[in-house]
Amino acid sequence: MLPSHLQLSSSKQPHQNQHHPHEFIPTHPLGLTGVICQSFTLQLSRTPRRLQYTLYRPRHLLLGPPPLIGIAGGPGLPCQYLSSLVHTIEDRAIVLYDHVGCGQSLYKGTNAYDRYEMMLDLKELIDHLNCEEFHLLGHSFGGFLAYEYLLQQSTISPHKKCHSVVLVSTPYDMAAVREHVQRLKDELDDDPQTFFQQHECRVVPLPLPLQQSLDSAGFSSSITAKVLARAHGLNDGESDNYDSSSSSRLPVSTPALLLQGQHDFVLNVADWQDVFPDAEFVVLAGCAHYAFLENEGMFAAVVSSFLKRHEPPPKPLVLPKPIE
């Protein structure tokens, strides 16, 4: 039996602008109405794979500070739930995308699609955006992909500059997390609803973007779901360890911000300091696994400050000389 987030997904199209079918303005209670964005489909070089992404504040991509590229978790969770980042990080372009095989990103193949392939998707997206400088933010499983990219960047994208990476609730050791989750469930008499409300998202009612992602979580076909589940050790009762080699991870010099909710079921985010030697670790009070939805103000203050400290100062505005 596949975990719930790997079940078949239902395809839901965003609300599109009638006059500009490739542009749409998301509407939900978090205040994103009116944020200019464009939705694109990227045909990946490793066919038959298509990656759907949304670029928020497209003008900032060239004129503003380095963009923030958000990487969703799961695996198999569409990126709608990360859309609140557009509301909390307001000074730059933000790029969100669905992993191939879930949400709006199509994958019709039957070959194994592992985390390395997902990392190559991220690399192709960054190359396609044609931005030389950027920041990465990975939530939960997405943090593994950010790390994999940074580990390979000098080889696969030597001309790119990632100024910093933010890992939000990304577990370092999944075996320890599983043991901790079981203890928490035992304390709650294995009540899944109470566990979710205390250790995943403490906002009631559930924020609409997260509800939308959970409702459409999974992969576009049963074959793909089983292939990707098996690739991540999530099939038929096998271990759901995202990474069995945590003890042998290689260090990365990129500045890192490690965020963990006070009530998060992921308890070892700080251990990523073994990989990112100069990393900053922050526990977000009152939050669980979706801190960017649970306390937007605190999340924005911590992340925005970190991004600005790890990027070049803005270029001065040069005005034309007046005509004499």
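- S213 places no side-chain N or O within 3.5 Å of a backbone atom of L210 that could act as its donor or acceptor partner.
- Using a 4.5 Å cut-off on side-chain heavy atoms (C-beta onward), L51 and L125 make contact.
- Contact record, A93 with L61: CB-N, 3.8 Å, taken as the closest heavy-atom pair.
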Test side chain to side chain contact (heavy atoms under 4.5 Å, CB included) applied to W272 and F281, step by step: CA-CA 9 Å; W272 282 99; F281 174 60; over 6 Å; no

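- Counting heavy atoms from C-beta outward, E133 and P312 have side chains that approach closer than 4.5 Å.
- Proximity of a side-chain donor or acceptor of S157 to a complementary backbone N or O of Q153 within less than 3.5 Å is not detected.
- Put simply, CG on L145 and CE on M119 are 9.0 Å apart, with the number rounded to the nearest 0.5 Å.
- Counting only heavy atoms from C-beta outward, the side chains of P171 and F144 approach each other to under 4.5 Å.
- What you find for C201 and P207 is that their closest heavy atoms are SG-CD, 3.9 Å.
- Checked by atom type and distance alone, the side chain of Q260 pairs as donor or acceptor with a backbone atom of V269 at under 3.5 Å.
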I89 vs V303, side chain to side chain contact (heavy atoms under 4.5 Å, CB included): CA-CA, chis, key distance, verdict: CA-CA 8 Å; I89 312 298; V303 175; 3.9 Å; yes

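- The closest donor-acceptor contact from the side chain of N268 to the backbone of Y172 lies under 3.5 Å.
- The number of heavy-atom neighbours closer than 6.0 Å to CG of D186, taken from other residues, nucleotides and ligands shown, is above 12.
- Ring geometry for H99 against F141 counts as perpendicular: the plane angle is over 60°, on a 0 to 90° scale with 30° as the lower cut.
- The CG atom of L68 sits 6.5 Å away from atom CG of L85, with the distance rounded to the nearest 0.5 Å.
- Under the 4.5 Å side-chain heavy-atom criterion for grouping Ile, Leu, Val, Met, Phe, Trp and Tyr, F134 is not connected to L63 through any hydrophobic cluster.
- Closest heavy-atom contact between P58 and I36: CD-O, 3.6 Å.
- Listed here is the closest heavy atom pair of P67 and C131: CG-SG, 4.1 Å.
- Residues L150 and V165 have side chains in contact (heavy-atom distance under 4.5 Å, counting atoms from C-beta outward).
- Atom NZ in K123 sits 11.0 Å away from atom CG in L44 (nearest 0.5 Å).
- At a threshold of 4.5 Å between non-hydrogen side-chain atoms, the residues Q193 and F196 do not count as touching.
- Separating the CD1 atom in I156 from the CG atom in L120 is a distance of 6.0 Å, to the nearest 0.5 Å.
- Residue F292 is not grouped with residue V203 when hydrophobic side chains (ILVMFWY) are merged at heavy-atom distances under 4.5 angstrom, including chains of intermediate members.
- By the 4.5 Å heavy-atom criterion applied to side chains, S39 and Q104 are not counted as neighbours.
- Every residue meeting the side-chain contact (heavy atoms from CB on, under 4.5 Å) condition with L151, not counting sequence neighbours, appears here in chain and number order: Y147, L250, V252.
- E294 and H289 make their closest contact through OE1-N, 3.8 Å (heavy atoms, listed as atom of the first residue, atom of the second, distance).
- Counting heavy atoms from C-beta outward, I126 and Y149 have side chains that approach closer than 4.5 Å.
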Derivation and outcome, salt bridge (charged side-chain N to carboxylate O under 4.0 Å, His left out), residues R49 and E124: CA-CA 12 Å; R49 304 166 189 179; E124 282 204 47; over 6 Å; no

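- Distance alone, capped at 3.5 Å, is enough to place a donor-acceptor pair between the D264 side chain and the V266 backbone.
- Using modelled atom types, no side-chain atom of H263 and backbone atom of H199 make a donor-acceptor pair closer than 3.5 Å.
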Residues R57, E90; criterion side chain to side chain contact (heavy atoms under 4.5 Å, CB included); working and verdict: CA-CA 9 Å; R57 301 187 190 95; E90 299 180 323; 3.9 Å; yes

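- Put simply, CG on D173 and NE2 on H180 are 13.0 Å apart, with the number rounded to the nearest 0.5 Å.
- A salt bridge links E311 to R92: at least one charged side-chain nitrogen sits closer than 4.0 Å to a carboxylate oxygen.
- Under the 30°/60° scheme for interplanar angles, the aromatic rings of H139 and Y290 are found to be tilted.
- Checked against the 6.0 Å centroid criterion, the rings of H163 and H310 do not qualify as a close aromatic pair.
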L77 and C102: CA distance, side-chain angles, deciding distance, side chain to side chain contact (heavy atoms under 4.5 Å, CB included) verdict: CA-CA 7 Å; L77 201 58; C102 77; over 6 Å; no

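- Note on residues 159-172: pairs passing salt bridge (charged side-chain N to carboxylate O under 4.0 Å, His left out), not counting sequence neighbours, are E132-K160.
- Inter-residue side-chain proximity for P251 and F276 is flagged as unmet; no heavy-atom pair is nearer than 4.5 Å.
- The two residues C37 and T54 come nearest to each other via the heavy atoms CB-CG2, 3.9 Å.
- Residues Y53 and H128 bring their aromatic ring centres within 6.0 Å.
- A distance of 6.0 Å separates CZ in F40 from CG in L55, rounded to the nearest 0.5 Å.
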